[in-house]
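Reminder, nothing fancy here: chain letters follow the sequence lines and each chain counts from 1.
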2 protein chains.
Amino acid sequence: MRSTNPDSNSRRSPNTSPETAEKILSAAVAEFARHGFTKTTVRGIAAAAEVSPGLVIHHFGSKDALRSACDEHVFERIAELKAAKAGYATMAVQMMFDDPEMSTAVDYLVKSLLDPSEHGQRYFDHYVDLVESYITEGFAGYTFRQSEDSRGQAATIAVMALAPSLLEHRLHSVLGTDDTTAMMTRLAPHLLDLYLHGALESVPDNSQPGDEEP
Amino acid sequence: MRSTNPDSNSRRSPNTSPETAEKILSAAVAEFARHGFTKTTVRGIAAAAEVSPGLVIHHFGSKDALRSACDEHVFERIAELKAAKAGYATMAVQMMFDDPEMSTAVDYLVKSLLDPSEHGQRYFDHYVDLVESYITEGFAGYTFRQSEDSRGQAATIAVMALAPSLLEHRLHSVLGTDDTTAMMTRLAPHLLDLYLHGALESVPDNSQPGDEEP
DNA sequence: TTCGACATTGAACACGCGTTTAATATTAAA
DNA sequence: TTTAATATTAAACGCGTGTTCAATGTCGAA
């Protein structure tokens with residue numbers, strides 16, 4: 001179903017272009033992931049896909065429609081990878097950052113969270129739902145601390161899990177690195193330690209709050 | 001050092017209008033905090049300050065220069081409030097969200113972190129430095145869990161502390177609230193619990209990773 | 001008063017944006 | 001081959017942007 005041409009001998013793919021549309025969409029996802037929706041230009045996508053700006057509109061109708069197409073594409077990609085990793089005992093955080101092939105998809109979703117959109121909000125809602133189910137039902141053998149406000153707890157943990165990606169660029173600068181995978185690997189033990197034991201080791205023994213110095 | 005004129009007696013607000021410049025700058029901070037730098041327009045700032053767009057440029061030179069002025073202004077404001085709260089026993093997280101007067105300043109800094117700029121990076125670096133000093137020296141009687149990689153640990157905690165503000169709008173939507181202070185108050189106990197005890201209560205007892213179901 | 005310096009404005013400029021349009025190139029079908 | 005349809009492009013349109021400019025308003029100084 002990919003090609004109906006009789007002789008694909010010396011001719012590659014001249015006119016019939018499902019390839020071109022895919023190339024444009026792929027370039028769009030990359031550009032959106034890199035610069036966000038607002039700052040990404042149709043001309044930039046066209047240049048990255050080595051086509052004219054008009055062709056981008058011709059294939060997808062508008063910049064917003066192109067974004068929707070990208071949303072669906074990324075969603076499918078994420079769903080595939082999530083299904084492929086089902087049952088694999090690891091934290092959701094690692095699930096998102098382990099696979100280098102997923103990095104652009106994750107970047108896209110992160111930018112989608114920052115640049116307000118319905119798709120981005122639906123993704124975040126779904127993510128909080130997922131975390132809440134982990135809290136109530138457990139995840140890969142782990143048991144979560146329970147709370148009366150499981151929704152607020154889930155939202156808190158979801159936000160925490162997304163934080164490193166949100167500030168990825170700032171982290172690169174402050175840690176003096178440019179390898180995202182290596183950086184996330186470096187942060188992973190600290191995240192695990194935080195999730196397992198918290199960040200604080202001992203609490204002050206003064207009972208009433210004030211400007212006291214121990 | 002503010003003025004070199006000999007008689008600054010009744011010389012306050014004649015023609016040279018510091019009031020107008022302050023009004024513009026205040027409006028600019030609010031607009032930048034609300035919509036971010038890129039999406040904020042000079043015309044929008046001018047409308048909020050009830051002046052003409054040309055006057056904004058006349059007073060600050062350019063949109064970028066206006067942003068720098070806003071950066072300095074917000075930095076000073078934050079420094080003041082931090083100094084005023086020195087010695088007050090509370091977490092750095094709460095330090096940033098407690099005071100409702102600080103909310104716009106915090107929003108501004110958050111947007112500054114997302115929309116890349118030198119000032120935003122310097123602020124983040126400073127923030128990580130602060131957290132690292134808390135880790136090594138303790139904070140308000142609290143003792144942090146130690147790590148060989150204190151820099152990575154500090155970056156991790158700093159990112160976590162900033163996360164709720166970064167996704168404030170998404171949190172509003174997912175929790176069905178429009179009161180930021182109330183929402184942060186709701187999340188506070190979950191954050192404290194996370195920092196004190198972590199998020200996970202028990203770990204699975206299977207020693208080798210796989211697709212096992214407990 | 002007159003003058004000069006500054007504040008302030010409305011209109012316009014130059015530019016980049018998303019999008020449209022007319023024209024060309026290419027291919028499948030008749 | 002001819003024809004219809006689609007892919008593709010260069011150019012331009014309309015719009016919003018940051019910015020500039022000439023004109024007007026305003027107030028202290030002389």
Report task. For DNA chain C, find the residues of residues 63-74 of chain B with a heavy-atom distance under 4.0 Å and give them by number; none if there aren't any. Result -> none
Query raised in the report: Any donor-acceptor pair under 3.5 Å linking the side chain of A:Thr185 with the backbone of A:Thr181?
Result: yes
Query raised in the report: What is the distance from CD of B:Glu19 to P of D:dC27, rounded to the nearest Å?
Result: 12 Å
Report summary line: Rounded to whole Å, the CZ-C1' distance (A:Phe60 to C:dT19) equals 16 Å
Query - d(NZ, B:Lys23; C1', C:dT8) in whole Å - result: 11 Å
Query raised in the report: Parallel, tilted or perpendicular: which fits the ring planes of B:Phe139 and B:Tyr134, with parallel below 30° and perpendicular above 60°?
Result: tilted
Query raised in the report: Side chains of B:Ser68 and B:His119: donor-acceptor distance under 3.5 Å anywhere?
Result: no
Report task. Quick one: list whatever passes ring pair (Phe, Tyr, Trp, His ring centres under 6.0 Å) with B:Tyr108, sequence neighbours left out. Result -> none
Query raised in the report: According to a strict under-4.0 Å criterion, is A:Thr20 in side-chain N/O contact with OP1 or OP2 of D:dA7?
Result: no
Query raised in the report: Which residues, if any, of residues 27-42 of chain B bring a heavy atom under 4.0 Å of DNA chain C?
Result: none
**Report entry** Residue B:Arg34 excluded, over 12 heavy atoms near CZ under 6.0 Å
**Finding:** no
Query raised in the report: salt bridge (charged side-chain N to carboxylate O under 4.0 Å, His left out) with B:Asp64: which residues, sequence neighbours excluded?
Result: none
Query raised in the report: If you look only at pairs with a residue in residues 22-58 of chain B, which of them pass as a ring pair (Phe, Tyr, Trp, His ring centres under 6.0 Å), with sequence neighbours excluded?
Result: B:Phe32-B:Phe37
Query raised in the report: What about B:Arg43, does its side chain sit under 3.5 Å from the base of D:dG16 through a donor-acceptor pair?
Result: no
Query raised in the report: Under a 4.0 Å heavy-atom cut-off, which of residues 47-57 of chain A touch DNA chain D?
Result: A:Val51, A:Ser52, A:Gly54, A:Leu55
Report task. Applying salt bridge (Lys or Arg N to Asp or Glu O under 4.0 Å), run through A:Asp115 and B:Lys39 and close with a yes or a no. Result -> CA-CA 10 Å; A:Asp115 225 323; B:Lys39 299 179 88 171; 3.7 Å; yes
**Report entry** Under 3.5 Å side-chain donor-acceptor pair for B:Thr20 and B:His59
**Finding:** no
Report task. List the atom of A:Ala155, the atom of A:Val128, and the distance in Å for their closest heavy-atom pair. Result -> N-CG1, 4.0 Å
**Report entry** Donor + acceptor pair across side chains of B:Asp149, B:Gln153 (<3.5 Å)
**Finding:** no
Query - Under-4.0 Å side-chain N/O to phosphate OP1/OP2 contact, A:His58 with D:dA7 - result: yes
